[in-house]
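Working notes, beginning with the structure itself.
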Number of protein chains: 2
Amino acid sequence: MTYSIGQVADKLDISPYTLRYYDKEGLLPFVDRNAAGRRRFKDNDFNFLEVIVCLKEAGVPVKQIGHFIDLCMTGDSTLHDRYDFLAEHEAQLEAKMARLQHTLDFLRWKKWYYKTALQAGTESIHYLPGTNHVDPAVHAEFNRLVANGARPKDLGAL
Amino acid sequence: MTYSIGQVADKLDISPYTLRYYDKEGLLPFVDRNAAGRRRFKDNDFNFLEVIVCLKEAGVPVKQIGHFIDLCMTGDSTLHDRYDFLAEHEAQLEAKMARLQHTLDFLRWKKWYYKTALQAGTESIHYLPGTNHVDPAVHAEFNRLVANGARPKDLGAL
DNA sequence: ATAGAATCTAGAGTTAACTCTAGGTCAAGC
DNA sequence: GCTTGACCTAGAGTTAACTCTAGATTCTAT
């Protein structure tokens with residue numbers, strides 16, 4: 001069974017333009033061509049495509065993905081490099097997810113900040129008396145609620 | 001207490017170029033200037049900067065962050081819009097983290113794939129007999145190990 | 001007082017990752 | 001047989017987010 005570029009594009013929810021661009025950048029050296037020069041993807045190619053999509057989602061630049069594909073095409077002598085490549089990007093992704101968790105925590109505290117302002121009808125309830133400056137005690141109060149067992153995600157819900 | 005653009009840049013680990021670019025894009029309307037026209041950041045400005053950095057990390061485009069800052073400068077009439085804005089990006093970030101978790105799972109399965117190939121000295125242990133095509137049973141085997149309680153993160157460790 | 005560092009603006013340059021255009025070939029349905 | 005749509009390449013265009021340059025000004029430390 002083989003697939004045209006359009007069929008692959010539909011399956012992966014990627015445009016044919018993008019697939020050709022990936023090919024130009026060396027990400028798809030495994031794809032066959034028919035007599036007329038059109039790309040014919042095989043079932044096994046989806047194993048590579050899956051990896052490409054995964055690395056893209058992980059934020060790996062196209063050039064580096066191309067390097068990984070090069071390693072794949074070279075054979076068993078590169079197994080260790082391929083392992084290291086994946087381990088490196090696993091670590092980077094773990095670090096990114098930790099950062100995003102902090103970002104999410106912050107977003108939730110700010111949501112609570114606006115929820116309480118909204119309920120009071122004015123943001124000024126959070127200001128130091130006689131200023132437009134946020135009272136640091138407000139964040140401390142939020143943290144206290146969380147420390148007492150409230151879930152950040154719930155605190156911000158209207 | 002006020003801070004120069006360079007001091008803020010150091011604190012936030014952002015270049016002064018980038019801060020000026022953000023200003024040009026309307027993200028920093030709250031920053032004062034001294035008599036010579038130089039930016040003077042106040043302590044309270046860090047509340048805004050924190051939000052900007054958070055939204056950037058969450059992947060929100062600069063233009064949209066500018067819109068949020070506009071809402072902030074307008075006053076209490078926009079409290080609901082600001083709440084909705086944060087709620088929307090909270091949801092988007094949650095979705096992104098779920099996708100990244102899948103990506104991480106995939107990366108770990110591939111790491112295990114290469115770990116086992118490495119231990120065998122050849123990737124061909126994963127191929128269907130007489131082909132260069134990966135046996136789908138290999139992924140199934142990994143899933144079985146996970147279902148039996150192994151942690152994906154540990155399975156790939158050398 | 002003065003040298004060197006930091007800042008200012010306007011605007012040009014860079015980079016990554018697409019995204020599309022032009023001009024042509026190929027294939028499937030009527 | 002002919003039309004319509006999918007595909008091809010080469011290369012131009014786009015967009016976001018910086019990043020830097022030039023030329024002028026200002027601040028800081030001797």
Side-chain angles (χ1 to χ4, degrees), chain A residues 1-42 45 48-49 51-70 89 92 96 99 103, chain B residues 1-42 45 48-49 51-70 89 92 96 99 103:
Chain A
M1 192 54 192
T2 67
Y3 308 85
S4 71
I5 196 172
Q7 290 171 321
V8 174
D10 286 345
K11 256 194 226 237
L12 302 184
D13 201 27
I14 291 178
S15 79
Y17 293 143
T18 302
L19 284 170
R20 288 191 202 101
Y21 162 69
Y22 287 167
D23 199 3
K24 213 184 308 193
E25 295 297 311
L27 269 57
L28 311 179
F30 48 82
V31 177
D32 292 338
R33 301 290 184 120
N34 68 9
R38 299 191 171 186
R39 293 173 185 82
R40 308 272 67 191
F41 292 76
K42 305 173 291 301
D45 293 349
F48 289 105
L49 291 168
V51 171
I52 290 168
V53 167
C54 163
L55 293 173
K56 278 256 74 199
E57 177 73 33
V60 180
V62 166
K63 260 193 185 132
Q64 285 188 50
I65 299 176
H67 176 237
F68 182 79
I69 297 291
D70 282 349
H89 289 292
Q92 285 188 21
K96 180 195 223 157
R99 282 200 312 279
T103 299
Chain B
M1 191 56 190
T2 66
Y3 308 86
S4 70
I5 196 171
Q7 290 171 322
V8 174
D10 286 346
K11 256 194 225 237
L12 302 184
D13 202 27
I14 290 178
S15 80
Y17 293 143
T18 302
L19 284 170
R20 290 192 200 99
Y21 161 69
Y22 287 168
D23 199 1
K24 213 184 307 193
E25 295 297 311
L27 269 57
L28 312 179
F30 48 82
V31 177
D32 293 337
R33 302 290 185 121
N34 70 8
R38 299 193 168 186
R39 295 174 184 81
R40 307 272 68 189
F41 292 77
K42 305 173 289 302
D45 293 349
F48 288 106
L49 291 167
V51 172
I52 289 168
V53 167
C54 163
L55 292 174
K56 278 255 75 197
E57 177 72 34
V60 180
V62 166
K63 260 190 187 138
Q64 285 187 50
I65 299 176
H67 176 238
F68 182 79
I69 297 291
D70 283 348
H89 289 292
Q92 284 188 22
K96 181 194 222 158
R99 282 201 309 281
T103 299

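Letters go in sequence order (proteins before strands), and every chain restarts at 1. What's counted below: heavy atoms across the whole structure, side chains too, no hydrogens, waters or symmetry copies.
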> Is it true that A/E57 and B/R99 have a side-chain N and a carboxylate O under 4.0 angstrom from each other?
Replying inline: yes

> Taking side chain as C-beta onward, heavy atoms only, is B/Y22 less than 4.5 Å from B/R20?
Replying inline: no

> Of the options A/F68, A/F41, A/F30, which is the one that meets A/F48 in a ring pair (Phe, Tyr, Trp, His ring centres under 6.0 Å)?
Replying inline: A/F30

> Got A/Y3 and A/D45 here, is their nearest side-chain heavy-atom distance under 4.5 Å?
Replying inline: no

>> Please report the distance, rounded to the nearest Å, between CG in B/L28 and P in C/dT9.
In response: 11 Å

>> Please check if the number of heavy atoms outside B/D13 that lie under 6.0 Å from its CG is greater than 12.
In response: no

>> Using whole Å, what does the distance between atom P of nucleotide D/dA16 and atom CD1 of B/I65 come to?
In response: 13 Å

> Mapping B/R40 and B/V60 to their closest nucleotides on DNA chain D, which lands nearer the 5' end?
Replying inline: B/V60

> How many Å lie between CD on B/Q7 and P on C/dA6, as a whole number?
Replying inline: 11 Å

> With respect to the phosphate group of C/dC18, does any side-chain polar atom (N or O) of A/K56 fall under 4.0 Å of OP1 or OP2?
Replying inline: yes

> To the nearest angstrom, how far is A/D10 atom CG from D/dC7 atom P?
Replying inline: 9 Å

> Where is the tightest heavy-atom contact between B/R39 and B/D23, given as atom of each residue plus distance?
Replying inline: NE-OD2, 2.7 Å

> Between A/D13 (CG) and C/dC18 (C1'), how many Å, whole number?
Replying inline: 15 Å

>> To check you understand the geometry: which heavy-atom pair defines the closest contact between A/A9 and A/S15, and what is its length?
In response: CB-C, 4.1 Å

> Quick one: B/L27 CG to D/dC18 C1', roughly how many Å, whole number?
Replying inline: 13 Å

> Are the side chains of B/Y21 and B/L27 in touch, meaning some heavy atoms are under 4.5 Å apart?
Replying inline: no

> Nearest to the side chain of A/V62, which nucleotide is it out of C/dT7, C/dC18, D/dC18?
Replying inline: C/dC18

> Taking atom CD1 of B/I52 and atom CD1 of B/I69, what is their separation to the nearest 0.5 Å?
Replying inline: 4.0 Å

>> Distance check needed: D/dA17 C1' versus B/L55 CG, whole Å only.
In response: 16 Å

> Near DNA chain C, which residues from residues 14-26 of chain B have a heavy atom under 4.0 Å away?
Replying inline: B/R20, B/K24

> Which residues within residues 29-38 of chain A lie with some heavy atom under 4.0 Å of an atom in DNA chain C?
Replying inline: A/A36, A/R38

